[in-house]
Structures are given as C-alpha cells and as structure tokens.
Amino acid sequence: MLDDFTEVLKTALPLKQAPLVHCLTNAVTIETMANALLYIGAQPIMADYPPEFEDVCRITDSLLLNLGHLGPGAGNVLAPASHYAHQVQKPTLVDIVGISATQTRYDLAQKLFLDQPAVLKGNISELRAFTDLPSHGRGVDGSALDQGDANLIELAKALCLKAKADSTTTFMATGPVDLIVNGNQALVLENGVAQLDRFTGTGDVVGALTAALLGVGLNGWQASVCAITYFNLCGEQALHQLTPPFGEATFRLATLDQLSLLMTQPTWYQQLKGHFIEIA
Ligand SMILES: Nc1ncnc2c1ncn2[C@@H]1O[C@H](COP(=O)(O)OP(=O)(O)OP(=O)(O)O)[C@@H](O)[C@H]1O
Ligand SMILES: Cc1ncsc1CCO
Ligand SMILES: [Mg+2]
C-alpha cells in the first residue's frame, strides 16, 4: 500500500502547474513560507484583510490558515476566510500552532474544524491538545514525551473519533515520526532528521507544501504524505551534504535549498519510509 504513495510522490513533484496559495499566517515565518512555496514552483499570496477575501478566493487554488501569531481580531479574520472557502469548496489547511498554550487558540481551532478543512495539522502535542488528550506541548513546540507507539495509537484513535463518519478531514501530527489519520486509516511516516526541530517554521513550511499540493488537486491524505516526506527528505539530503562543523543556520539554509533541488533527482521518492498502524 505504501507503493501507492511512492507513485503519488513521483507524479506530484515537480509540479506540473503552479498553484496560487492564499496564506493567512504568522509574522514569525511568513517570509520563509512564501519563499518555500516559490522554491517548489508554487506561488504565495499573503492577504489578511477581510474585504479582500472574496477577490483573493476567486483567483487562488487553496487556502492556508495558521494560528501561530494571532493579532487583534484574529477571530474575525480566520473564521470568515474559512467559512468563505468552505462555501466555495476551496481546499483548506488549518495549522493549529500553539493550541496547547491558550484557550483562545483551542476554541478557534475547534471552530475552524467545523468548516471541514481538507487537512488539519500541528505537531504531535498540538494534535493531542486538540483531541483533549494530555499534552506536553510547550508554546509552539511539541514534546518527545508525546511520541512513542502507545501515544501514537492513542492519538490515532482519538482523531478517528473526532472525525466522525461524515468527515473528510485528514489529520497530520508531526514530530520525530509523523502520524497521518484519515477515516480509520493511520499511517506513520519515518523520514527526517533531529535537526529539523532546531529551527523555527519547519511545521509551517510543511503546511505550506501541503496546501500547494491540495491546490493542484491532491486529496488531503495524498498531499499530507507527499509534503511531509518531501520536506523530511530535504532535511536528510541537507545533512548528508554538509561537512561538520556547521551551525543550525547553515543546516536551515541547506534544507530550504533542497526544496528546489531534491525533486530534480529522478528517484527521490524511493526514500519514503513509513508503515500503517492498526486502530480498529
Ligand atoms: N526529531 C525529528 N526527527 C525527524 N524529523 C523531525 C524531527 N522533528 C521534526 N521533524 C520533522 O520536521 C517537520 C516539522 O515538524 P515539527 O513537529 O517540528 O513541527 P512544528 O513543531 O509545527 O514546527 P514549527 O512550530 O517550528 O513550525 C516535520 O516534517 C517532522 O517530521
Ligand atoms: C515561534 C513562533 N511563535 C508563534 S508562531 C511561531 C513560529 C512557529 O510556528
Ligand atoms: Mg507548527
């Protein structure tokens, strides 16, 4: 079954057309996100002024809502964008950054979920908070204490319940290993390197890549597997190419550089590592 995904990866990247992605995102990593989209051959538009939403929605292929840095009146920005996209069936990704930290983010995440985004993502600790499981998340960072096989199965089951029968949302929980849940299917992805946890915005970039892939017609499940695997292989390749000693900033740049390079290697997708887990 994992072979089906290698086929999706192989056909999805390089992109055959450039999706235009509407991003409502945080001020910390906004530039990294915009450039990451350009590096993979997509196009970003950052527009967070509600009167523009209708026009922007008309020209864009997907919507990304990132809760990372809520400004005054954020509820009046993210929720209307989400409702509008839902009405016109624009594929949407919600990144629930920091929801273990504040009640405001938790409430907003639950509200946005009601609009049935194609993908709802966060790190493993954020997804545990979203499903009301105990979470060791701190600020916007996930905790290794929320990893481990038993925790992953517990989270997969909670997400399954959360989704209910008619939901089409794919859930993505990132960390040292990543969990993807859709309906009663759960997949654990195993690519990546520990250094990806040492610069900010790695999860935000994975969200942007996923939104771009939704914009070219992949479903939530396919887009999630493809985005995580591609980004994590970029990290693996960066580490492989650097000669020690090197600092975190050098690793960050090398990883971002791989966003445009890795897909030019004809067999990049063969490095996908993962396995399905039983949650029935
Ligand atoms: N220890 C690790 N080993 C392998 N891959 C990792 C590790 N930590 C993170 N990653 C990868 O880095 C990406 C981002 O995951 P992470 O859980 O750190 O996101 P995040 O906490 O939302 O990040 P940010 O808040 O900085 O945007 C994912 O693709 C994940 O697989
Ligand atoms: C550090 C930080 N704080 C809010 S958003 C963000 C970037 C990671 O999402
Ligand atoms: Mg994050």
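Heavy-atom basis, side chains included; hydrogens, waters and symmetry copies ignored. Order of appearance sets the numbers: ligands from 1, and atoms from 1 within every ligand. Quantities reported herein were computed from a predicted structural model and do not represent experimental measurements.
The option from Thr174, Asp141, Asn66 that lies nearest to atom 17 (O) of ligand 1, judged by heavy atoms, is Thr174. The nearest non-hydrogen atom to atom 3 (N) of ligand 1, considering only Val193, Val97, Asn191, comes from Val193.
Among protein heavy atoms, atom 2 (C) of ligand 1 sits closest to Pro176 CA, 3.4 Å. Protein heavy atom in closest approach to atom 14 (C) of ligand 1: Thr202 OG1, 3.3 Å. At the shortest separation from atom 18 (O) of ligand 1 among protein heavy atoms lies Asp197 OD1, 3.5 Å. Remark: minimum distance from atom 22 (O) of ligand 1 to any protein heavy atom is reached at Gly203 CA, 3.5 Å. Closest to atom 10 (N) of ligand 1, if we only count protein heavy atoms, is Gly175 O, 3.6 Å. Counting protein heavy atoms only, atom 26 (O) of ligand 1 is closest to Gly201 N, 2.8 Å. When hydrogens are left out, the protein atom nearest atom 11 (C) of ligand 1 is Asn232 OD1, 3.3 Å; that is the closest non-hydrogen contact. In this structure, atom 25 (O) of ligand 1 lies nearest to the protein heavy atom Val140 O, 3.6 Å.
The contact set between ligand 1 and Ala194, taken as ligand atoms under 4.0 Å from a residue heavy atom, comprises 1 (N), 2 (C), 3 (N). Heavy-atom proximity to Val206, at under 4.0 Å, picks out these atoms of ligand 1: 29 (O). Atoms of ligand 1 found under 4.0 Å from any heavy atom of Gly192 (numbered from 1 in listed order, with element): 4 (C), 5 (N).
Here ring-ring contact (aromatic ring centres under 6.0 Å, His included) pairs that include residues 16-72, with residues two or more places apart or in two chains, are His22-Phe53. Counting only residues at least two apart or in different chains, ring-ring contact (aromatic ring centres under 6.0 Å, His included) contacts with residues 241-280 comprise Tyr230-Trp268. Pairs of residues two or more places apart, or lying in two chains, that qualify as side-chain hydrogen bond (donor to acceptor under 3.5 Å, both in side chains) and include a residue from residues 86-95 are Asp95-Lys121.
Each of Leu179, Asp149, Asp178 was checked for a side chain to side chain contact (heavy atoms under 4.5 Å, CB included) with Val188, and the lone residue meeting it is Leu179. Checking each of Thr32, Thr25, Asn26 against Thr29 for a side chain to side chain donor-acceptor pair (under 3.5 Å) leaves exactly one that passes, namely Asn26.
With contacts defined as side-chain heavy-atom distances shorter than 4.5 Å, the pair Thr174/Ile124 does not qualify. For the pair Ile153/Leu155, no side-chain contact is recorded, criterion being any heavy-atom separation below 4.5 Å from C-beta on. For the pair Gln43 and Val21, the minimum side-chain heavy-atom distance is 4.5 Å or more.
Within the model, atoms CG of Leu214 and CG of Leu209 stand 11.0 Å from one another, a figure rounded to the nearest 0.5 Å. We find the CD-OG1 distance between Gln195 and Thr250 to be 12.0 Å, quoted to the nearest 0.5 Å. Distance check, rounded to the nearest 0.5 Å: CZ of Arg138 to OG of Ser100 gives 11.0 Å.
Between Phe231 and ligand 1, no N or O atom pair is found at a separation short of 3.5 Å. Not a single N or O atom of Gly122, backbone or side chain, sits closer than 3.5 Å to an N or O atom of ligand 1. Polar contact with ligand 1: present for Asp178 (N/O pair, distance under 3.5 Å). Looking at ligand 1, you'll find an N or O of Asp204 within less than 3.5 Å of one of its N or O atoms.
Protein residues having a heavy atom under 4.0 Å from any atom of ligand 2 are Asn26, Val28, Thr29, Gly68, Val97, Val140, Thr200, Asp204, listed by chain and number.
More than 12 heavy atoms of other residues, nucleotides or ligands sit less than 6.0 Å from atom CZ of Arg198.
Using cut-offs of 30° and 60° on the angle between ring planes, the pair Phe130 and Phe171 is tilted.
Side chain of Thr169 to main chain of Pro117: a donor-acceptor pair is present (N/O by atom type, distance under 3.5 Å, no hydrogens or angles).
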